[in-house]
Amino acid sequence: MIDNKKLDVAIPASVDKLQSLFGNAPEVAVVLGSGWAGAVSHVQEPQSLPYTELPAFPQPKVEGHVNEVVVGHIGGQRVIFLRGRAHTYETGDCTGMAGALRTLKTWGVKLLLQTNASGSLRGHMPPGSLMLIADHINAPQRSPLVGEQGSHRFVDMVNAYDADLRKHALALAKRENLMLGEGVYCWALGPQFETAAEIRMFAAWGADAVGMSTVPETILARHAGLKVMGIALMTNMAAGLSAEALTHDLTLKQAQMSGERAAGFLAALVASLKDVAL
Ligand code: HPA
């Protein structure tokens, strides 16, 4: 459950820190998933701050992982990048990003743009493809909002991934001659990869991609009143759909191979948002 007593102190402290270092909030926040780190190189006049300075943010448990925010602009659009997210498979807790997302909302951010690495369930989206997330399936049926109070907790999840912004992203991809699929992302708890039978079930349910993140954050962000967009980078065919054994190394390798194109599109998308009312 979310520790709201703790966050009542940690969120204002985190907002004060962001405001004093970076001034008013950018309208756009981006969560960088595996394979998307290269996007940071597109940020102009970047300034960074480690999560350890932001008490509402997830505190890194593993040394060596980058856990920081980077604030700057891409073209005319100011942006804050979140490098590092809390995954449910690390602790069993799916509320790990609550403080960070509520801090962003309180500071004045309007849109949460999420990125991740996923397994593909569809032959027309081979490894290296990008998929705009149109909708999600919460397969573990876990919610970060368990224990929250008030009617506000009954969040409408229809069009959780903003329909107008999806149209905008698809039009941009077309102009840039980039293949951008659109589909349904299925959350699997992990950290083990799925069985082939689970993947057949997810496909029958209508899932197009599978991964171990994003869904708790989307629920938290919609509850906080942020708009949400999501883009998944396919790093592998999902379990049972290719002869290749699934390993973390394989997904990282593929993420590295396609990361530059993904980061380029992400940068173009962020820049294009300066003309969009959020
Ligand atoms: N399954 C779950 N998560 C993933 C996968 C996958 O196949 N690839 C990258 N993240």
Side-chain angles (χ1 to χ4, degrees), residues 30-39 58 62 65-66 82-94 96-97 113-142 144 161 179-219 228-263 265-266:
V30 180
V31 178
L32 291 176
S34 345
W36 292 85
V62 191
H65 276 236
V66 188
L82 274 62
R83 303 182 72 182
R85 51 152 61 99
H87 292 92
T88 306
Y89 62 71
E90 294 170 46
T91 58
D93 176 11
C94 63
M97 294 300 285
L113 174 43
Q114 299 210 59
T115 61
N116 67 40
S118 295
S120 172
L121 276 65
R122 305 294 173 193
H124 68 269
M125 292 193 301
S129 313
L130 292 175
M131 185 189 90
L132 186 65
I133 302 178
D135 205 344
H136 77 218
I137 295 173
N138 180 350
Q141 282 292 291
R142 303 265 315 263
Y161 301 88
M179 283 276 285
L180 180 65
E182 196 181 16
V184 174
Y185 174 84
C186 183
W187 177 31
L189 187 58
Q192 76 288 351
F193 285 109
E194 300 70 35
T195 65
E198 284 164 349
I199 293 300
R200 286 194 298 275
M201 176 180 74
F202 294 159
W205 283 356
D208 301 298
V210 61
M212 302 176 195
S213 68
T214 307
V215 166
E217 293 98 314
T218 296
I219 296 169
V228 175
M229 284 181 100
I231 312 176
L233 167 61
M234 302 305 133
T235 54
N236 55 279
M237 293 310 292
L241 299 182
S242 97
E244 208 159 12
L246 271 180
T247 63
H248 189 52
D249 275 357
L250 170 71
T251 64
L252 289 182
K253 215 173 269 161
Q254 181 60 46
Q256 253 164 22
M257 274 161 55
S258 1
E260 209 167 302
R261 195 168 37 85
F265 178 67
L266 179 61

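Every value quoted in this text rests on a predicted model; they were computed, and no experiment measured them. Whatever order the structure lists them in is the order used to number ligands and atoms, beginning at 1. Starting from 1, each residue takes its place in the sequence as its number.
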Practice item. Take Met131 and Ile133 through the test side-chain contact (heavy atoms from CB on, under 4.5 Å) and record every step on the way to the result. Key: CA-CA 6 Å; Met131 185 189 90; Ile133 302 178; 4.3 Å; yes

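- Within ligand 1, counting atoms from 1 as listed, the ones closer than 4.0 Å to a heavy atom of Glu194 are 1 (N), 2 (C), 6 (C), 7 (O).
- Residue Val210 holds the heavy atom nearest to atom 4 (C) of ligand 1 of all those in Val210, Asn116, Thr251.
- At a cut-off of 3.5 Å, with distance as the only test, no side-chain donor of Ser213 or Glu217 sits close to an acceptor on the other residue.
- By the criterion of a heavy-atom distance under 4.0 Å, neither the backbone nor the side chain of Ser34 is placed next to ligand 1.
- Considering all non-hydrogen atoms of both residues, Leu82 and Met97 come closest at CD2-CE, 4.1 Å.
- For Phe202 against Ala188, the heavy-atom pair with the smallest separation is CE1-CB, 4.4 Å.
- Residue contact check: Thr235 has heavy atoms under 4.0 Å from atoms 8 (N), 9 (C) of ligand 1.
- Shown in contact with Gly119 at under 4.0 Å from a heavy atom are these atoms of ligand 1, numbered in order with element: 5 (C), 6 (C), 7 (O), 8 (N), 9 (C).
- Heavy-atom separations between Gly211 and ligand 1 include at least one value shorter than 4.0 Å.
- Residue contact check: Asn236 has heavy atoms under 4.0 Å from atoms 5 (C), 6 (C), 7 (O), 8 (N), 9 (C) of ligand 1.
- Annotation for ligand 1: atoms under 4.0 Å from non-hydrogen atoms of Ala117 are 9 (C), 10 (N).
- A donor-acceptor contact closer than 3.5 angstrom is absent between the side chains of Asp249 and Thr247.
- Counting non-hydrogen atoms of neighbouring residues, nucleotides and ligands closer than 6.0 angstrom, the CE atom of Met201 exceeds 12 such neighbours.
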